[in-house]
Amino acid sequence: MRRSAINSLMREARALLSEHRFHLPPWADWSPEEWQGHPETAAYCRNRQMGWDVTDFGSDQFDKRGLLLFCIRNGIQGHIHEVPYAEKILIVRENQETPWHYHAVKMEDIIVRGGGNLIVECFQLDDQSKRLTQPFEVLTDGMRRIVEPGEPVRLKPGESITLPRRLVHRFYGEAGSGTVLAGEVSQVNDDLTDNYFVDPVGRFSRIEEDDPSLHPLWREIPVIGLRG
């Protein structure tokens with residue numbers, strides 16, 4: 001992805017969040033230089049994968065397969081003295097897919113906070129990681145429902161779905177309903193070790209530096225000799 005495109009997406013995201021009166025932490029607006037002036041906060045956020053995240057999953061077609069996220073809070077998996085939860089905000093365009101994947105450690109709820117409708121599809125795996133074909137149960141806002149593997153589950157604003165560990169899922173914005181402002185509330189998140197994709201994809205995009213960075217992505221936050 002081009003840095004200029006990432007900057008543009010961040011500006012669009014801020015406009016959408018403002019429209020829905022959803023406010024981010026103060027450091028969401030920091031430039032790379034401002035992060036360097038706050039080394040302790042930089043180390044804390046970088047170590048916990050907190051901040052901006054934009055990916056096209058290696059597709060080079062962000063509108064079709066991509067996602068913009070902002071991790072607001074998180075711990076570190078396996079550290080007993082860390083917070084045991086995470087929270088993200090996600091912006092999903094119409095027909096923009098986050099591809100099939102699952103998590104081995106993290107359980108999560110995906111919530112539609114506003115905007116359009118989110119379509120979520122799921123299927124189960126057996127002990128040999130093969131796709132199961134029988135119907136299964138999912139929870140939407142605590143209500144149990146039986147779905148077929150890959151059956152679209154429509155979530156309207158205010159609705160949510162619970163995704164247990166090893167439940168394979170993908171999601172995208174419903175055509176004609178508008179851009180989705182979604183949220184994720186989960187156990188501690190680790191995008192480096194706990195994303196298992198069905199097809200080979202690139203979780204983090206290669207970036208062409210054609211423009212100065214507006215705000216660094218979380219993995220670009222400058223950390224100078226400190227642990228947080």
S.K.: Around D60, counting heavy atoms of other residues, nucleotides and ligands shown, do more than 12 lie under 6.0 Å from its CG?
M.R.: no
S.K.: Compute whether any side-chain donor of one residue and acceptor of the other, for H169 and E121, lie under 3.5 angstrom apart.
M.R.: no
S.K.: Can the ring centres of W30 and H38 be said to be less than 6.0 Å apart?
M.R.: yes
S.K.: Is the Lys NZ or Arg CZ of R65 less than 6.0 Å from the centre of F57's six-membered ring, within 45° of the axis?
M.R.: no
S.K.: Around Y85, counting heavy atoms of other residues, nucleotides and ligands shown, do more than 12 lie under 6.0 Å from its OH?
M.R.: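 Atom OH in Y85 is not crowded, with 12 or fewer foreign heavy atoms closer than 6.0 Å.
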S.K.: Checking N189 against K106: is there a side-chain donor and acceptor pair closer than 3.5 Å?
M.R.: yes
S.K.: Does R48 count as lying over the ring of Y44, i.e. NZ or CZ under 6.0 Å from the six-ring centre, within 45 degrees of the axis?
M.R.: yes
S.K.: Check the side chains of Q49 and D190 for a donor-acceptor pair under 3.5 angstrom, ignoring hydrogens and angles.
M.R.: yes
S.K.: Is the count of non-hydrogen atoms from other residues, nucleotides or ligands lying under 6.0 Å from R2 atom CZ greater than 12?
M.R.: no
S.K.: Salt-bridge test for R203 and D53: reply yes if a basic N is under 4.0 Å from a carboxylate O, no otherwise.
M.R.: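 Between D53 and R203 there is a salt bridge, with a charged N closer than 4.0 Å to a carboxylate O.
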S.K.: Just checking W27 against F70, ring centres under 6.0 Å apart?
M.R.: yes
S.K.: Taking all heavy atoms of V105 and all of D194, pick out the closest pair and write down the distance.
M.R.: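 Of all heavy-atom pairs spanning V105 and D194, the closest is N-OD1, 3.1 Å.
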